[in-house]
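Notes for the one structure printed next.
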Amino acid sequence: MILNKNLIFFFIFLLIASCSSVPKYPQNACKIFGEKYFYLKYSRASSKKWGIPISSILAVINKESGFKRFAKPKRKKIFKIIPYRRPSSSLGFSQAVNKTWDLYKKENNKPRALRISFKNSSDFIGWYFWKTNKINKISFTDTRNMYLNYYLGWEGYKNKIYKKDPKAIIFAKSVEKQAKIYKNQLQQCKSVLDKSYIIF
């Protein structure tokens with residue numbers, strides 16, 4: 001009976017621990033995957049499916065949500081005090097908005113896909129980059145312009161809105177820089193990750 005209780009407490013502890021989506025070292029790809037085994041599995045699956053670098057997927061998630069499962073945009077405030085509506089419907093790891101998420105679900109036949117799921121979010125980013133390549137002819141490895149599409153939308157990028165939005169350029173450069181850092185880190189721990197016991 002005592003053993004059963006201990007097992008119950010152990011599984012409860014694991015459940016609570018797994019609810020925390022934020023890695024301890026979000027700036028280090030090797031440590032992220034060392035701590036979050038399924039992040040590696042799902043990032044790798046998205047990369048293989050859509051032809052997108054794993055480093056880019058991680059960089060977008062890091063920039064958009066900081067790996068926070070339930071991330072949402074901060075509410076606007078009236079008179080700088082009273083909480084008001086949020087500036088967009090963005091939610092989850094990928095911060096996808098309702099309209100784009102609905103398109104993703106429709107095109108991929110995934111009616112139950114959730115933005116708070118790392119698996120679905122990493123697949124969404126892969127799909128979005130793939131669509132961006134088809135629509136605006138951006139190279140899969142051009143993380144800066146890929147993110148500008150992600151941030152401004154395909155039409156916004158096509159209309160070169162970023163020329164009037166210096167913030168978009170700054171964000172895109174930061175994602176590009178982080179993707180390069182992740183790429184270098186993953187090259188250093190590639191042999192360890194390739195020996196992962198996870199079946200892909």
Side-chain angles (χ1 to χ4, degrees), residues 14-73 90-96 100-101 104 108 113-133 138-151 167-200:
L14 285 180
L15 181 63
I16 293 173
S18 66
C19 289
S20 175
S21 62
V22 183
K24 293 179 180 178
Y25 305 98
Q27 305 305 319
N28 190 305
C30 297
K31 290 186 177 181
I32 290 172
F33 290 147
E35 179 186 351
K36 305 283 186 179
Y37 299 112
F38 285 101
Y39 284 13
L40 169 60
K41 177 178 180 178
Y42 299 139
S43 297
R44 185 177 284 176
S46 178
S47 177
K48 287 183 177 180
K49 180 178 179 181
W50 302 108
I52 311 302
I54 291 176
S55 54
S56 295
I57 295 172
L58 286 183
V60 170
I61 291 177
N62 186 32
K63 177 67 183 73
E64 291 294 296
S65 65
F67 295 93
K68 295 174 184 175
R69 184 188 306 274
F70 297 102
K72 291 182 180 180
S90 302
L91 173 67
F93 290 104
S94 63
Q95 288 295 281
T100 313
W101 190 258
Y104 162 73
N108 293 278
L114 299 172
R115 287 174 284 180
I116 61 171
S117 160
F118 190 93
K119 178 180 181 180
N120 295 150
S121 288
S122 56
D123 188 64
F124 169 83
I125 293 169
W127 166 82
Y128 198 96
F129 276 35
W130 180 83
K131 291 275 287 187
T132 298
N133 173 261
I138 307 299
S139 168
F140 289 144
T141 57
D142 185 354
T143 308
R144 181 185 301 190
N145 283 299
M146 277 290 187
Y147 185 76
L148 283 175
N149 277 266
Y150 195 90
Y151 182 74
K167 184 171 64 174
I169 299 293
I170 293 171
F171 288 165
K173 286 182 178 179
S174 70
V175 172
E176 179 184 43
K177 181 180 179 180
Q178 186 62 60
K180 287 179 179 178
I181 291 172
Y182 281 149
K183 181 180 179 180
N184 290 334
Q185 291 168 342
L186 289 171
Q187 288 175 344
Q188 293 174 19
C189 62
K190 184 178 183 300
S191 60
V192 176
L193 296 180
D194 286 345
K195 294 177 181 178
S196 171
Y197 66 84
I198 298 174
I199 300 175
F200 296 94

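Computed from a predicted model, the values in this text were never measured in an experiment.
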F129 vs N133, side chain to side chain contact (heavy atoms under 4.5 Å, CB included): CA-CA, chis, key distance, verdict: CA-CA 6 Å; F129 276 35; N133 173 261; over 6 Å; no
Gap separating the CD atom of Q187 from the SG atom of C30, nearest 0.5 angstrom: 10.0 Å
Closest contact, heavy atoms only, I57 versus S43: CD1-O, 3.8 Å
Side chains of F67 and I32 in contact at under 4.5 Å (non-hydrogen atoms): yes
Short side-chain to backbone donor-acceptor contact, N120 and I116, under 3.5 Å: no
4.5 Å side-chain heavy-atom contact, Y182 and N62: yes
Residue K49 excluded, over 12 heavy atoms near NZ under 6.0 Å: yes
CG-SG distance between D194 and C189, expressed to the nearest 0.5 angstrom: 9.0 Å
The single option from T132, T100, I52 passing side chain to side chain contact (heavy atoms under 4.5 Å, CB included) against W127: T100
Closest non-hydrogen atom pair between K167 and Y151, with its separation: CE-OH, 3.3 Å
Separation between CD1 of I138 and CG of L148, rounded to the nearest 0.5 Å: 8.5 Å
Which atom of L193 lies closest to which atom of R44, heavy atoms considered: O-NH2, 3.7 Å
Backbone of N149 reached by a side-chain donor or acceptor of Y128 within 3.5 Å: yes
Q27 vs Q178 side-chain heavy atoms within contact, under 4.5 Å: yes
Atom pair NZ (K24) and NZ (K36), whose distance is rounded to the nearest 0.5 Å: 9.0 Å
Sole residue of K63, E176, E64 in side chain to side chain donor-acceptor pair (under 3.5 Å) with Y147: E64
For S55 against K183, the heavy-atom pair lying closest together: CB-N, 3.6 Å
Spatial distance of atom NZ (K180) from atom CG (N184) [nearest 0.5 Å]: 9.5 Å
For the student: nearest non-hydrogen atoms of S94 and Y150, plus distance: O-OH, 2.7 Å
Donor-acceptor pair, side chain of S46 and main chain of Y42, under 3.5 angstrom: no
Identified ring pair (Phe, Tyr, Trp, His ring centres under 6.0 Å) partner of F124 from the options Y104, F118, F93: Y104
Residues F33, Q185; criterion side chain to side chain contact (heavy atoms under 4.5 Å, CB included); working and verdict: CA-CA 11 Å; F33 290 147; Q185 291 168 342; over 6 Å; no
Interatomic spacing from CE in M146 to CD1 in I125 - rounded to 0.5 Å: 12.5 Å
Considering all heavy atoms, the nearest A179-T143 contact: CB-CG2, 4.0 Å
